[in-house]
Colleague: 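Okay, handing you the structure first.
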Amino acid sequence: MFTRFTKEEKTIHYPTDRRMFIAIKPYMLIGLMVIISVPIGLAWLQYLLIGLPVDPPFSHSTLTPADPSGFPLWLIFNHWFNFFFMVVIIRSGLSILVDHPRLYWNNGCTPGSDWIRFTPIKEPKDKSWTAKEDARYISPVLGLPGYRHTIGIARAWHFLKVPLFVLNGAVFVILLFCTHQWQRLVPISWNVIPDAWNVFVHYATFNMPVEPDGFYHYNALQQLAYFSVVFILAPLAMLTGLAMSPAIESRFHWYPKIFGNRQSARSIHFLIMISFVVYIIIHVSMVAATGLVRNMNHIVLGTDDSGNISGLYIGIGIILAAVAFGILAHWLSWRKPRLLQHIDDLVNGNLWRITINRFKPKVYYQKKDISPYFWPNGKIPSSEIWQKLAENNFKDYKLKIGGLVDNPVELSMAELKNLGMVQNITMHQCIQGWSGIAEWGGVPISKIIELVKPQTSATTLVFYSFGEGLYGGLYYDTNTLDNCLKPQSILAWEMNYESLPQEYGAPLRLRVENQLGYKMVKWISSIEFLETYKNVGKGQGGKNEDDEYFDLLANT
Ligand SMILES: Nc1nc2c(c(=O)[nH]1)N[C@H]1C(S)=C(S)[C@@H](COP(=O)(O)O)O[C@H]1N2
Ligand SMILES: [Mo]
């Protein structure tokens with residue numbers, strides 16, 4: 001509609017294989033079916049054997065003259081803002097998901113262990129199957145921005161909306177308890193559980209319970225559902241989201257463990273999204289089925305009126321506005337991606353820099369944690385120079401280090417190894433969603449910095465690769481001097497106690513453990529000290545930042 005791809009973009013964003021496909025492991029399917037069918041079965045059993053339970057009372061607050069009635073303006077705004085943010089968060093989340101279209105319960109993302117996959121491709125048959133090749137296409141009607149491998153822009157939308165969603169939620173909860181509106185939502189008696197069950201038996205057996213007037217109170221099941229969405233699902237979505245951040249994981253290893261591990265946090269994050277979608281479908285159906293006109297007046301105008309259809313019209317208008325925003329978002333994604341990337345950095349990059357980046361990453365994992373499989377990414381260099389070096393097992397390799405330094409050097413592998421070695425077992429986290437634990441051995445970059453003596457104006461190190469990026473052109477990335485001085489920042493020639501395999505970056509690759517995977521350049525050819533990353537490539541701090549609008553993480 002608004003998007004014209006170049007030939008090169010077309011092969012990446014719009015591949016010939018765009019099949020929609022979902023495969024779920026039997027144990028998960030059976031589990032989900034049990035969760036759904038057991039309560040429905042029990043409800044039918046009760047209905048057929050005992051009969052329909054009597055209608056439970058509606059409100060679980062002690063009735064006082066201060067009981068909430070009607071919906072104040074702030075609540076109406078909160079509700080619709082929330083709707084608006086949820087749509088963007090879910091759509092961009094789907095776009096992020098299909099960039100690594102598999103979900104697991106194990107940290108290493110072992111092929112074949114995915115409990116659900118959104119790709120017809122079973123598993124990498126040989127090691128030349130990279131995570132980038134594994135990414136899938138999603139329609140831009142469903143995902144934001146959609147198409148294949150657009151995770152950079154999708155993350156910009158996701159993370160731009162998350163702070164607004166959290167803020168909106170916080171305002172809602174605060175105002176809820178500052179007014180008596182909380183009495184609608186928060187059950188104050190355990191009776192709500194048997195009462196909600198009674199209401200459920202009605203619905204499950206297609207008997208409508210007596211309808212409460214939502215202007216004053218909800219039925220028990222409704223109250224419990226709203227309460228769970230606000231006070232359980234939403235916080236869990238936020239907490240599991242945080243558990244996926246390498247910046248957090250590398251400092252607070254215990255944190256993702258609350259949810260099992262990083263990948264189960266990702267799986268739970270997905271299941272919460274599904275719960276939200278199911279909730280929205282039921283919620284909207286109930287609004288329509290229990291007096292659409294009157295309900296819309298409650299939700300939109302805050303009046304209790306069944307004769308006036310303006311609430312319904314305005315409600316439809318709000319939904320159309322959300323659709324129009326979706327179209328604008330699509331346009332922005334393809335015409336102003338750089339703007340989105342920079343706004344995201346302004347909000348979230350700064351938020352990160354003043355908080356989590358102040359903590360030091362720690363090495364934590366042990367030999368037994370090493371993943372049986374480690375997804376590879378990136379294209380093996382096709383350059384003749386690298387091929388020749390590889391043939392000779394990198395005996396002629398020299399790492400060139402220059403730029404703003406007093407003592408530029410060229411170091412052979414032997415000379416590099418003489419500088420000393422550290423071995424770290426760490427978790428690698430790719431922006432696409434997969435992770436893996438491996439041992440990395442090499443020289444701390446701080447040793448090299450000591451050797452070359454950077455000038456005071458140097459703030460940034462650029463690492464050039466022999467390999468190319470997704471859209472061609474030499475791969476490179478930058479890291480701040482500050483980040484390179486961290487003890488876990490190393491130039492590695494060893495992986496899992498063996499010399500670095502070609503596919504994983506031989507002869508030398510970067511490990512910066514508080515960063516996402518794309519910052520860790522493989523097949524390094526040279527290092528340059530700079531005053532700013534702005535004069536390299538397209539000036540965004542790295543090949544993926546330049547071409548794919550990946551987060552501008554450590555670029556200041
Ligand atoms: N030269 C080069 N380095 C690169 C890449 C690349 O495409 N080219 N991909 C990056 C990305 S996105 C990731 S996740 C890691 C993958 O490292 P691995 O192959 O060891 O898993 O390498 C990073 N370094
Ligand atoms: Mo990555």
Side-chain angles (χ1 to χ4, degrees), residues 12 96 99-100 102 107-111 124 126-135 149-152 154-155 244-246 262 370-383 385-386 389-390 399 424-442 462-479 489-496 498-527 536-537 541-551 553-554:
I12 289 161
I96 294 170
D99 221 67
H100 188 70
R102 303 167 190 278
N107 259 337
C109 303
T110 313
D126 53 59
K127 288 219 169 172
S128 70
W129 186 249
T130 64
K132 269 189 182 165
E133 291 168 294
D134 198 49
H149 202 60
T150 53
I151 188 165
R155 280 170 63 98
M244 284 184 266
S245 154
R262 182 186 186 271
I370 292 176
S371 304
Y373 181 83
F374 201 91
W375 280 78
N377 230 350
K379 296 184 213 160
I380 282 225
S382 54
S383 92
I385 306 175
W386 183 84
L389 289 170
L399 172 68
N424 298 328
I425 301 173
T426 58
M427 175 144 73
H428 177 97
Q429 311 190 35
C430 174
I431 194 170
Q432 294 183 266
W434 58 272
S435 51
I437 298 170
E439 181 269 347
W440 305 99
V462 54
F463 299 83
Y464 293 103
S465 173
F466 288 107
E468 296 195 334
L470 189 63
Y471 293 92
L474 273 195
Y475 194 96
Y476 78 95
D477 214 296
T478 61
N479 273 281
S489 300
I490 66 174
L491 288 171
W493 55 75
E494 178 183 279
M495 179 186 188
N496 294 340
E498 281 171 28
S499 66
L500 192 60
Q502 290 191 6
E503 190 171 32
Y504 293 96
L508 208 59
R509 74 170 297 164
L510 193 56
R511 295 300 315 171
V512 187
E513 299 306 342
N514 52 320
Q515 292 284 344
L516 282 160
Y518 64 90
K519 303 294 285 182
M520 305 185 203
V521 181
K522 310 202 291 186
W523 312 290
I524 294 176
S525 62
S526 61
I527 302 174
V536 196
K543 190 65 183 157
N544 284 309
E545 291 93 320
D546 282 351
D547 294 352
E548 296 174 51
Y549 309 99
F550 278 14
D551 313 17
L553 279 173

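One-based numbering, in listed order, for ligands and for the atoms of each. Remember, predicted model here, so these are calculated numbers, not experimental data.
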Colleague: Can you confirm whether the side chains of D546 and Y476 place a donor and an acceptor under 3.5 Å from each other?
Modeller: yes
Colleague: Look only at the side chain of T130 and the backbone of G378, and say whether a donor-acceptor pair between them is shorter than 3.5 Å.
Modeller: no
Colleague: Taking the ring of H428 and the ring of W440, is the distance between their centroids below 6.0 Å?
Modeller: no
Colleague: Restricting to non-hydrogen atoms, name the atom on K379 and the atom on E468 that form the minimum distance, rounded to 0.1 Å.
Modeller: CB-O, 4.4 Å
Colleague: Where do L516 and R155 come nearest, in terms of heavy atoms and distance?
Modeller: CD1-NH2, 3.5 Å
Colleague: With Y475, which residues qualify under ring pair (Phe, Tyr, Trp, His ring centres under 6.0 Å), at least two apart?
Modeller: none
Colleague: May I have the N/O to N/O pairs between ligand 1 and the protein that fall below 3.5 Å, each with atom names and distance to one decimal?
Modeller:
from     : atom 1 : to   : atom 2 : distance (Å)
ligand 1 : 1 (N)  : S465 : OG     : 2.9
ligand 1 : 1 (N)  : K522 : O      : 3.1
ligand 1 : 3 (N)  : K522 : N      : 3.0
ligand 1 : 17 (O) : R509 : NH2    : 3.2
ligand 1 : 19 (O) : N377 : N      : 2.9
ligand 1 : 19 (O) : K522 : NZ     : 2.3
ligand 1 : 20 (O) : R509 : NH1    : 2.5
ligand 1 : 21 (O) : W375 : O      : 2.5
ligand 1 : 24 (N) : M520 : O      : 2.7

